[in-house]
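Following: one structure in structure tokens, then a few remarks.
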Amino acid sequence: MNLLYNVLGKRGKRRLFLLFARIYQTSSDRPPPRGDWRVSLPGGRTMIVPVRPDSAWLDWALALSSLGNDQEVKFTYATLLRGADRPDQFIDVGANYGSHSLMMMAAGVPTLSFEPNPACVAYFAKWVERNGLKSNVVPVALGDTRGEVSFDFPPRATWLGMISKDEDVPSGYQRICVPIRMLDDYRDDLAPGKLLIKLDAEGVEPNIIRGAEKLIAERRPLIIFECWSKDSARREILEAFAGRFAVHRLPWNSGQAALSADQFLRENGTNFLAVPV
């Protein structure tokens, strides 16, 4: 099945992900797999996803999601890596288990990953080690302030983790207290050259942008960001960009026209690329 996965096109990988990624989350009747799932990344590189019985529910989902989920983002990475806009540094904000960071690290791009959930950080460390790579993970949340915040997440869906201002923990969620910093605090830790930032922070992306004003002015990065189709969320991110970026739909190529503000507000997609103007 691993061989089949690697020869399938985008549509086939997407279909396998949708059909089978969660089979070990929803049933305990199947014998859990054991072994290494190898993903042939665009550009000829290989990423190993270790699949183990005690964590098969997560390992298997990550194996099939590697190129079967968020395809518009991951194939935009491939376009950037082989072109004139190849990044010299990748910043992964909301790294979760680290699949996006690993793709960039496998391509030889220095990566700075931000992830406040210690369970995700521990998993990421083992995954990086299995691939013979070295990570640079900062275990903090990012925003437009400094201090500590409550961070809520479902234990088996940590990608839904979010900074919370509510006193009550949502049903089925776990709460931890994490430090919060601004991206501007890490400007001196970055490599020179072209900068690519990925933002996936469950709604606080505008806060993170406001906490990166100096970095944006100095480095003019490309920013891949998630923004759901809620009118207020779209308007807030446009306000945070303050006319400094043109927004493009994904997957992206260099000849693609930018979206107007009205088009962005109506766009059905959730992932976009902001290009400095």
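Quick caveat, the model's predicted, so the values are computed rather than measured.
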Please say whether the positively charged group of K198, taken as NZ for Lys or CZ for Arg, lies over the ring of F225, i.e. under 6.0 angstrom from the six-membered ring centre and within 45 degrees of the axis.
->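 Relative to the ring axis of F225, which defines the angle, K198 lies outside at least one limit.
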Cation-pi check, R234 to F264: give yes when NZ or CZ is under 6.0 Å from the six-membered ring centre and within 45° of the ring axis, no otherwise.
->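 Checked: cation-pi criterion met.
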Using a strict cut-off of less than 4.0 Å between a Lys/Arg side-chain nitrogen and an Asp/Glu carboxylate oxygen, indicate whether R210 and E236 qualify as a salt bridge.
-> yes
Does K194 pair with D88 as a salt bridge, N-O distance under 4.0 Å?
-> no
Please step through side chain to side chain contact (heavy atoms under 4.5 Å, CB included) for the pair L67 and V39, ending with a clear verdict.
-> CA-CA 8 Å; L67 291 178; V39 181; 3.8 Å; yes
H100-F90 aromatic ring centre distance below 6.0 Å | no
Does any part of the side chain of [Y], heavy atoms only, come nearer than 4.5 Å to the side chain of [X], both counted from C-beta?
X	Y	value
Y77	L196	yes
E226	F272	no
R38	N2	yes
L112	V138	yes
L102	V128	yes
Q263	V247	no
N96	E115	yes
V140	L142	yes

Got more than 12 heavy atoms from elsewhere within 6.0 Å of [atom1], [X]?
X	atom1	result
D54	CG	yes
E129	CD	no
R187	CZ	yes
R45	CZ	yes

Quick check on the hydrophobic clustering: are [X] and [Y] connected, directly or via other members, by side-chain heavy-atom contacts under 4.5 Å?
X	Y	answer
L222	L215	no
Y97	I48	no
F20	W57	yes
V178	F124	no
I216	M182	no

Candidates R249, Q71, E72 - the one meeting side chain to side chain donor-acceptor pair (under 3.5 Å) with N271 | E72
Which one of S101, S113, S99 satisfies the side chain to side chain donor-acceptor pair (under 3.5 Å) criterion with D92?
->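 For D92, the side chain to side chain donor-acceptor pair (under 3.5 Å) check succeeds only for S101.
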Take I208 and V204 through the test side chain to side chain contact (heavy atoms under 4.5 Å, CB included) and record every step on the way to the result.
-> CA-CA 7 Å; I208 296 168; V204 298; 4.1 Å; yes
Can you name the side chain to side chain donor-acceptor pair (under 3.5 Å) partners of D152, sequence neighbours left out?
->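 Testing D152 for side chain to side chain donor-acceptor pair (under 3.5 Å), a comparison that skips the adjacent residues, returns S164, R175.
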Passing option when L250 is tested against T270, D70, I224 for side chain to side chain contact (heavy atoms under 4.5 Å, CB included) |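 Result for side chain to side chain contact (heavy atoms under 4.5 Å, CB included) with L250: I224.
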Pairs meeting criterion ring-ring contact (aromatic ring centres under 6.0 Å, His included) with involvement of residues 187-219, two or more places apart | none
Could you label the plane-to-plane angle of the F153 and F151 rings as parallel, tilted or perpendicular, counting under 30° as parallel and over 60° as perpendicular?
->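 Ring orientation, 0 to 90° scale: tilted.
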Quick one: sort the H248 and W252 rings into parallel, tilted or perpendicular, breaks at 30° and 60°.
->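 Rings of H248 and W252: perpendicular, over 60°.
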Rounded to the nearest 0.5 Å, how far apart are CZ of F245 and CG of L273?
->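 Nearest 0.5 Å value for the CZ-CG distance: 9.5 Å.
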When rounded to the nearest 0.5 angstrom, what distance separates CG in N136 from CZ in F114?
->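 Rounded to the nearest 0.5 Å, the CG-CZ separation comes to 8.0 Å.
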For Y5 and S66, test the side chains for any donor-to-acceptor distance below 3.5 angstrom and give the result as yes or no.
-> yes
Going by atom types only, do D59 and Y123 share a side-chain donor-acceptor pair under 3.5 Å?
->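 Yes, a side-chain donor-acceptor pair sits under 3.5 Å.
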Stepwise, does the side chain to side chain contact (heavy atoms under 4.5 Å, CB included) test hold for I91 with L195?
-> CA-CA 8 Å; I91 300 178; L195 185 62; 3.8 Å; yes
Determine, step by step, whether L199 and I209 satisfy the side chain to side chain contact (heavy atoms under 4.5 Å, CB included) criterion, reporting the C-alpha distance in whole Å, the side-chain angles of both residues, the deciding distance to 0.1 Å, and the verdict.
-> CA-CA 9 Å; L199 298 180; I209 293 165; 3.9 Å; yes
